[in-house]
Amino acid sequence: EEMDAIKNLFQHKSDQRSVQNESFGKYKNSNVVVVQVEAFMNFMIGKSINGEEITPNFNKLMKESMYFSNYYHQTGQGRTSDADFSSHSSLHPLPSGSVFVRYPEHKYDMLPTILKDHGYSPNVFHAYDSSFWNRTIMYNHMGYNRFFSKKDYTLDEVLGWSLSDNSFFKQSLNEMKSIKQPFYSFLITLSSHHPYTIPKDKQELDVGEFSDTIFGDYLQSIHYVDDALGNFTEQMKEQGLWDNTILVVYGDHDNSIKDKPYYEQFLGKKLNDLDMEQIMNQVPLLIHLPDGSRAGEYSEASGQLDMTPSLLHLLGISTDSYHMLGNNLFVEDDRFVVLRSGAFSDRKVFYIPSPNGIFENGSCYDLNSRVTTTVSSCRVGFDQAKFQLSSSDQVIQYDLLSKLNEK
Ligand code: GP9
């Protein structure tokens with residue numbers, strides 16, 4: 001019975017996604033480059049400090065891209081590895097630990113494997129120790145042809161934990177020259193990792209009142225990554241990749257800086273619990289299509305589980321036979337986005353769970369008025385979110401996808 005209920009959930013999600021509209025297959029056989037940016041949050045996108053934009057290159061790119069302004073990271077304790085897992089499998093990460101470490105060899109329907117089955121060359125690039133987050137084993141299982149890790153890069157400019165993002169992007173693109181097209185390239189940046197201290201000569205932003213604070217250092221490091229991103233897109237153009245590649249850029253998770261006064265000072269307004277919850281859980285998602293079409297802001301709720309089904313839609317690969325819980329961002333629908341904490345959002349409400357998990361002790365916010373409404377307005381969503389999370393957990397823990405396939 002439990003297996004049937006889980007099967008029905010996957011079927012329901014698949015039915016919701018499978019509208020074959022004019023964008024289905026529109027970019028068939030395009031290269032796909034996905035950049036997962038370390039601690040890249042949404043609250044500072046488009047914002048300036050002392051008259052200077054924090055992310056000028058991202059802002060410029062936004063003008064010719066689809067920008068999802070209510071995109072949630074859905075990570076748990078597995079942080080960067082969870083963002084990677086959810087974005088590629090369209091399943092939730094676990095309530096404790098990292099799937100990469102705990103269950104790397106179980107069966108999942110993963111984007112790199114699916115694309116490989118459709119003639120793509122999938123490769124992953126991250127200039128850090130290959131064993132971190134158990135990546136060597138997990139990436140092998142995800143179907144990548146090769147994992148370019150720290151040992152494959154020349155450490156010509158070290159910044160923070162490892163190679164600078166500028167050099168990382170440059171060397172990764174050089175490697176891509178010899179990869180057979182169409183390719184899927186997944187790049188994970190690192191320079192904006194906690195505690196966000198970058199060398200004085202790389203600090204180009206005047207963070208004013210935030211000088212000598214971790215929040216100021218964070219803005220500074222994001223400004224640096226943005227510069228690297230700008231150089232990366234220029235190099236993509238020089239290498240002739242711009243017009244035949246879908247470029248996706250998203251943030252992996254929050255910056256672990258939870259002190260509300262920083263955000264109130266930066267944004268110049270008082271923030272309530274809903275504001276803070278959204279600030280800490282939203283990361284930007286940008287999709288640049290090869291012809292630059294569909295540019296604009298998309299404010300419907302969405303999240304990391306939605307990336308794989310949406311990319312497959314653009315490439316004309318149906319998700320009907322895959323087990324995925326995410327939405328299709330290219331289908332108009334009332335999207336339901338569940339966070340690992342049990343928080344969820346749709347078009348109308350945002351539910352913040354209480355630490356004891358009791359439904360009535362949580363807060364249900366009306367997204368129009370942005371104040372709490374009667375908690376019963378969130379009852380249906382709460383039950384759905386709980387079932388979705390526990391189904392995903394069971395699939396991962398008991399390797400249910402191999403069993404569902406056998407059946
Ligand atoms: C290191 C990088 C950091 O390889 O992925 O991961 P995080 O500490 O942010 O989870």
Side-chain angles (χ1 to χ4, degrees), residues 34-44 71-89 92-104 110 112 123-142 144 146-153 155 157-169 171-172 185-198 214-215 217-222 224-225 228-229 248-258 279-285 303-304 307 339-341:
V34 174
V35 182
Q36 178 175 293
V37 184
E38 177 65 32
F40 196 49
M41 294 168 76
N42 197 44
F43 73 91
M44 77 283 159
Y71 193 70
Y72 291 90
H73 76 78
Q74 292 168 291
T75 65
Q77 293 172 350
R79 304 292 279 164
T80 297
S81 71
D82 279 357
D84 187 339
F85 176 75
S86 290
S87 300
H88 287 102
S89 67
H92 289 277
L94 290 168
S96 62
S98 158
V99 182
F100 272 36
V101 176
R102 296 184 61 195
Y103 302 106
M110 297 287 230
N123 292 282
V124 52
F125 305 78
H126 179 54
Y128 198 58
D129 300 337
S130 58
S131 59
F132 200 84
W133 284 128
N134 205 25
R135 282 187 173 105
T136 305
I137 293 177
M138 187 64 179
Y139 287 159
N140 189 26
H141 194 65
M142 282 169 80
Y144 286 111
R146 186 162 166 197
F147 172 21
F148 294 85
S149 69
K150 191 173 182 176
K151 62 176 171 23
D152 299 297
Y153 290 84
L155 294 183
E157 187 183 52
V158 172
L159 202 163
W161 280 30
S162 186
L163 181 65
S164 73
D165 284 349
N166 256 307
S167 183
F168 164 67
F169 277 137
Q171 294 186 49
S172 304
S185 293
F186 179 55
L187 290 85
I188 306 162
T189 74
L190 192 53
S191 294
S192 51
H193 197 282
H194 192 277
Y196 315 116
T197 36
I198 61 167
I214 189 166
F215 190 82
D217 289 349
Y218 172 69
L219 296 180
Q220 199 71 260
S221 71
I222 290 300
Y224 169 78
V225 176
L229 203 58
V248 177
V249 181
Y250 68 88
D252 59 357
H253 52 65
D254 64 271
N255 57 11
S256 307
I257 307 171
K258 300 196 170 84
I279 286 173
M280 295 313 288
N281 286 292
Q282 286 185 348
V283 290
L285 167 71
Q304 287 168 338
M307 187 189 86
L339 310 192
R340 183 60 260 186
S341 61

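As the structure lists them, so they are numbered: ligands from 1, and atoms in each ligand from 1. Every value quoted in this text rests on a predicted model; they were computed, and no experiment measured them.
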So NE2 of His126 and OG of Ser172: to nearest 0.5 Å the spacing works out to 11.0 Å

Polar pairs, ligand 1 vs protein, N/O only, below 3.5 Å.
{"from": "ligand 1", "atom 1": "4 (O)", "to": "His126", "atom 2": "NE2", "distance (Å)": "2.6"}
{"from": "ligand 1", "atom 1": "4 (O)", "to": "Arg135", "atom 2": "NH1", "distance (Å)": "2.7"}
{"from": "ligand 1", "atom 1": "5 (O)", "to": "Arg135", "atom 2": "NH2", "distance (Å)": "2.7"}
{"from": "ligand 1", "atom 1": "6 (O)", "to": "Thr80", "atom 2": "OG1", "distance (Å)": "3.0"}
{"from": "ligand 1", "atom 1": "6 (O)", "to": "Trp133", "atom 2": "NE1", "distance (Å)": "3.3"}
{"from": "ligand 1", "atom 1": "8 (O)", "to": "His193", "atom 2": "NE2", "distance (Å)": "2.9"}
{"from": "ligand 1", "atom 1": "9 (O)", "to": "Glu38", "atom 2": "OE1", "distance (Å)": "3.4"}
{"from": "ligand 1", "atom 1": "9 (O)", "to": "Glu38", "atom 2": "OE2", "distance (Å)": "3.0"}
{"from": "ligand 1", "atom 1": "9 (O)", "to": "Thr80", "atom 2": "OG1", "distance (Å)": "2.7"}
{"from": "ligand 1", "atom 1": "9 (O)", "to": "His193", "atom 2": "NE2", "distance (Å)": "3.2"}
{"from": "ligand 1", "atom 1": "9 (O)", "to": "His253", "atom 2": "NE2", "distance (Å)": "3.1"}
{"from": "ligand 1", "atom 1": "10 (O)", "to": "Thr80", "atom 2": "N", "distance (Å)": "3.1"}
{"from": "ligand 1", "atom 1": "10 (O)", "to": "Thr80", "atom 2": "OG1", "distance (Å)": "3.0"}
{"from": "ligand 1", "atom 1": "10 (O)", "to": "Trp133", "atom 2": "NE1", "distance (Å)": "3.1"}

Could you work out, with salt bridge (charged side-chain N to carboxylate O under 4.0 Å, His left out) as the rule, every residue matching Arg102, not counting sequence neighbours?
none

Salt bridge between Arg79 and Asp84, side-chain N to carboxylate O under 4.0 Å?
no

Any carboxylate oxygen within less than 4.0 angstrom of a Lys/Arg side-chain nitrogen, looking at Arg146 and Asp152?
yes

Residue pair Val225, Glu38: steps toward the side chain to side chain contact (heavy atoms under 4.5 Å, CB included) verdict
CA-CA 9 Å; Val225 176; Glu38 177 65 32; over 6 Å; no

For Thr80 and His253, does a side-chain donor sit closer than 3.5 Å to a side-chain acceptor?
yes

